[in-house]
**Student:** 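Just passing along the structure, written as structure tokens.
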Amino acid sequence: MEHSNFIRTIIEEDLNTGKHDHIVTRFPPEPNGFLHLGHARSIIMNYTLAKDFGGTFHLRFDDTNPVKEDATFIEAIQKDIEWLGCSWDALYFASDYFEIMVEKAILLIQKGKAYVDDQPAEVIKAQRGDLKTPGQNSPFRERSVEENLTLFQAMRDGKYSDGEKVLRAKVDMASPNMNMRDPVIYRIQHAHHHRTKDAWCIYPMYDFAHPLEDAIEGITHSLCTLEFEDHRPIYDWVVRECEMESVPRQIEFGKLKIANEISGKRFINTLVADGVVDDYADPRLVTLSGLRKKGVPVAAIHRFIHSLGLPKSEGETSLQMLEEEIRSELASSPRIHLVKDPLLVTITNYPGEGEMLTHAADQDETLMRDIPFSSQIYIEKDDFVVEKPNKKWKRLALGIEVRLMHAYFIQAESVVTDEAGDIVEIKATYDVQTKSGTDFNARKPNGTIHFVDAKQGVPVTYTEYEPLLIENADRSQPVDAILNPESMKTYSAMVEPAALTLPGPYFQAIRSSYVKRDDAHAFHRVVALRSSFKK
RNA sequence: UGGGCUGUCGCCAAGUGGUUAAGGCAUCGGACUUUGACUCCGACAUCGAUGGUUCGAAUCCAUCCAGCCCAGCCA
């Protein structure tokens, strides 16, 4: 369900009143990190809004700071966005606008709206005042236009070293909004840029560059997160003072935060350094690449994002909501029997070599498969207990009869233990007249469990992912104090032969999980089935 | 404490003066069940607080409380 949202309302109004006849949105990542679920909100919303109103969606890399950015992120980010299916109508780079940005800076200088400041960063910082103290004007604030022009040109020509001079917008040092206290709009950085190489040694700051980028591209609705609300006045100031033809409107929405999940770059880097996760694409992370690796269907992410809408409030959303969307997306997957932690069961009264039982692999009965059955099978270790603990126990126990799904009723008669006393085998008997499909109903079994034939079953590894952090983790604690030591568990398991031949890669491992088949030897859990079982 | 913003059920989130205050997740009952799944029934809030305006307020006003953001030559 798509929530109505205030931005959609604004766009509808702008279209109805004729302010715009075509809208343009954009996703403007800085190529300095990897995308996570939180970014999906911005990407999907910008994309969807544009598409829904017949508009245009741009992908623009906001590459205005060479010392923090790298070309490797550009490819990764594009891959993630493509995966989300949010194809962009145009791809741009802020660095392509550097020339026009300088022209606009010169325009500002000519209008007496910008000046070169010779003071070091610490002095500028001190003069800016604080939250309740107005700032003080720089002694260089009233330089002549000519001098500013000359100085700025010299900055551009590389006559100064890093930090020696900056270009500042002349706004209002007494503004209660810190962003209006003559923000720096150009700084000197003799740094190699991944696209413009060494063509520049001055780079524009966000507050100056971003509004220009939007205006240049004809962005009509510039969406960003709440922390930029304070920047809107300077955003509008730049568009106005630079006399941009196109006037974009910045609109802020709340960030999407996922409860108990990690998306911070710093934190992830720590985890990688500590060897907790392999990389940013670890399936336990909510990075887009991690979710992709885990096998989360893109449609589930879209539904999740749309179900949340575009609020202005900032809360913490539970990952359960995403999981629920994943389940419903995977609901029609073929069913297979996957036995985790196999425990051997010998059916002492079962005659012959075995047989093939034919059943559908899903509820539509479109996918039929043969399930081998014989006197030796495996069931999950967790499905057996020596003594039935209570009436709620709907699995196997000594003297208890259960249904083997798609096969027969069996009753556990005795157990075989090893030297350590661990149960290694169950001796059971079956009743031929309880065969699946015969509608036998003279007795009610104590539940239904699944199994895999011991001889024809296929050994595989089965990996389950759990949250990386313990519940209600206190982020102020050291990392290893809040890590879930069992966030990734790999089990030996057995699957029925059809699990390797049925169309995949998604299956519902009956009574367990929705799983993805990685290859003929490995399966992993995408999301657990819901369960009302409580012990 | 200067400025900006937010506050509706455990978690998200509709609602913009007249509704029995949507929906989803979670939870608790129950039905069904060859998956403790699915599905289906049922339960589950007076809207941060306090005053005020109004015939009538979650929706308007006032005050207060709580939380978030802002003092990078980061974005």
Side-chain angles (χ1 to χ4, degrees), chain A residues 1 3-6 9 28-30 32-33 62-65 67-69 117 119-122 124-126 128-135 162-168 175-181 183-189 202-203 205-207 209-210 224-233 252 254-256 259 303-304 307-309 311-325 327-328 331-332 335 337 359 363 392-395 402-407 409 434 436-437 439-440 445 447-450 508-514 528-534:
Chain A
M1 293 321 113
H3 275 136
S4 68
N5 67 61
F6 74 104
T9 303
E30 181 184 20
N32 73 340
D62 203 2
D63 54 348
T64 58
N65 187 357
V67 309
K68 289 199 172 181
E69 297 152 9
D117 197 330
Q119 304 179 108
E122 314 79 68
I124 290 178
K125 174 184 169 73
R128 187 146 33 223
D130 60 31
L131 297 182
K132 51 182 86 164
T133 312
D162 290 6
E164 203 173 330
K165 286 184 167 36
V166 290
L167 182 68
R168 292 228 259 167
S175 172
N177 182 340
M178 301 295 291
N179 300 119
M180 299 297 268
R181 323 243 264 224
V184 171
I185 59 179
Y186 263 98
R187 80 284 218 183
I188 298 170
Q189 281 183 159
I202 57 170
Y203 292 93
M205 297 286 291
Y206 173 87
D207 278 329
H210 208 87
C224 63
T225 46
L226 255 24
E227 67 267 32
F228 291 102
E229 268 179 317
D230 286 341
H231 294 253
R232 194 167 64 226
E252 312 83 13
K255 258 194 177 111
L256 169 59
R303 294 217 311 233
F304 171 67
S307 75
L308 299 178
K312 281 206 74 164
S313 55
E314 279 187 306
E316 285 203 327
T317 299
S318 164
L319 201 63
Q320 282 179 153
M321 287 200 241
L322 207 216
E323 294 185 335
E324 197 50 31
E325 297 294 356
R327 290 188 192 99
S328 73
S332 60
R335 316 277 126 134
H337 287 190
H359 286 279
Q363 291 160 325
K392 295 265 191 181
W393 180 259
K394 291 162 65 178
R395 307 180 186 183
V402 298
R403 181 197 303 277
L404 290 178
M405 194 177 190
H406 300 319
F409 289 10
T434 60
S436 174
D439 290 326
F440 174 85
T448 299
I449 65 173
H450 61 288
Q508 185 200 97
I510 283 172
R511 298 207 310 131
S512 163
S513 307
Y514 287 106
L529 248 38
R530 271 216 290 220
S531 172
S532 58
F533 177 55
K534 309 200 172 43

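A quick note: this is a predicted structure, and the numbers were derived from the prediction, not measured. Residue numbers begin at 1 in each chain, while the letters A, B, ... track the order of the sequences.
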**Student:** Taking the basic N atoms (NZ, or NE/NH1/NH2) and the acidic carboxylate oxygens, is any pair closer than 4.0 Å for A:Lys68 and A:Glu30?
**Tutor:**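 Answer for the salt bridge query: no.
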**Student:** Kindly point out which of B:A37, B:C12, B:G4 is positioned nearest to the side chain of A:Glu229?
**Tutor:**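 Closest nucleotide to the A:Glu229 side chain: B:G4.
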**Student:** Does a nitrogen or oxygen in the side chain of A:Arg181 sit under 4.0 Å from OP1 or OP2 of B:A71?
**Tutor:**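 False: A:Arg181 side-chain N/O out of range (4.0 Å or more) of B:A71 OP1/OP2.
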**Student:** With the sugar-phosphate defined as primed atoms, P, OP1 and OP2, and the base as all remaining atoms, what B/S/- string results for nucleotides 43-48 of chain B, 5' to 3', for protein heavy atoms under 4.0 Å?
**Tutor:** ------
**Student:** Determine the interplanar angle of the A:His406 and A:His337 rings, folded into 0 to 90°, and report it as parallel if under 30°, tilted if 30 to 60°, perpendicular if over 60°.
**Tutor:**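 The rings of A:His406 and A:His337 lie parallel, inter-plane angle below 30°.
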**Student:** From B:C69, B:A71, B:C74, pick the nucleotide closest to the side chain of A:Met205?
**Tutor:**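 Taking heavy atoms from C-beta onward, the closest nucleotide is B:C74.
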**Student:** For the side chain of A:Ser313, starting at C-beta, report the closest nucleotide among B:A13, B:C25, B:A75.
**Tutor:**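 Per side-chain heavy atoms of A:Ser313, the pick is B:A13.
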**Student:** Any Lys/Arg nitrogen of A:Glu323 or A:Arg530 sitting under 4.0 Å from an Asp/Glu carboxylate oxygen of the other?
**Tutor:**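 No.
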**Student:** Once hydrogens and angles are ignored, does a donor-acceptor distance under 3.5 Å link the base of B:G3 to the side chain of A:Asp230?
**Tutor:**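 It does, because a donor-acceptor pair links the side chain of A:Asp230 to the base of B:G3 below 3.5 Å.
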**Student:** I'd like to know if A:Thr448 reaches the base of B:U35 with its side chain, counting only an N/O donor and acceptor under 3.5 Å.
**Tutor:**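 Checked by distance alone, the answer is no.
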**Student:** Between A:Arg303 and B:C25, is there a contact of a side-chain N or O with OP1 or OP2 at under 4.0 Å?
**Tutor:**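 So the side-chain polar atoms of A:Arg303 never come under 4.0 Å of the phosphate oxygens OP1 or OP2 of B:C25.
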**Student:** Counting only side-chain N and O atoms of A:Arg511, is one of them less than 4.0 Å from OP1 or OP2 of B:U34?
**Tutor:**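 A:Arg511 to B:U34 OP1/OP2: no side-chain N or O under 4.0 Å.
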**Student:** Look at the side-chain N and O atoms of A:Arg187 and state whether any lies under 4.0 Å from the OP1 or OP2 oxygen of B:A75.
**Tutor:**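 For A:Arg187, the contact criterion (side-chain N or O under 4.0 Å from OP1 or OP2 of B:A75) is met.
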**Student:** Paired with B:A75 by Watson-Crick or G-U wobble geometry, both distances under 3.5 Å: which nucleotide is it?
**Tutor:**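 Pairing partner, where one exists within any strand: none, as none qualifies.
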**Student:** Looking at A:Arg395 and B:G36, is any side-chain donor or acceptor paired with a base atom of the opposite kind under 3.5 Å?
**Tutor:**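 Under the 3.5 Å cut-off, the side chain and the base do form a donor-acceptor pair.
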**Student:** Tell me whether the OP1 or OP2 atom of B:C38 has a side-chain N or O from A:Arg335 closer than 4.0 Å.
**Tutor:**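 So the side-chain polar atoms of A:Arg335 never come under 4.0 Å of the phosphate oxygens OP1 or OP2 of B:C38.
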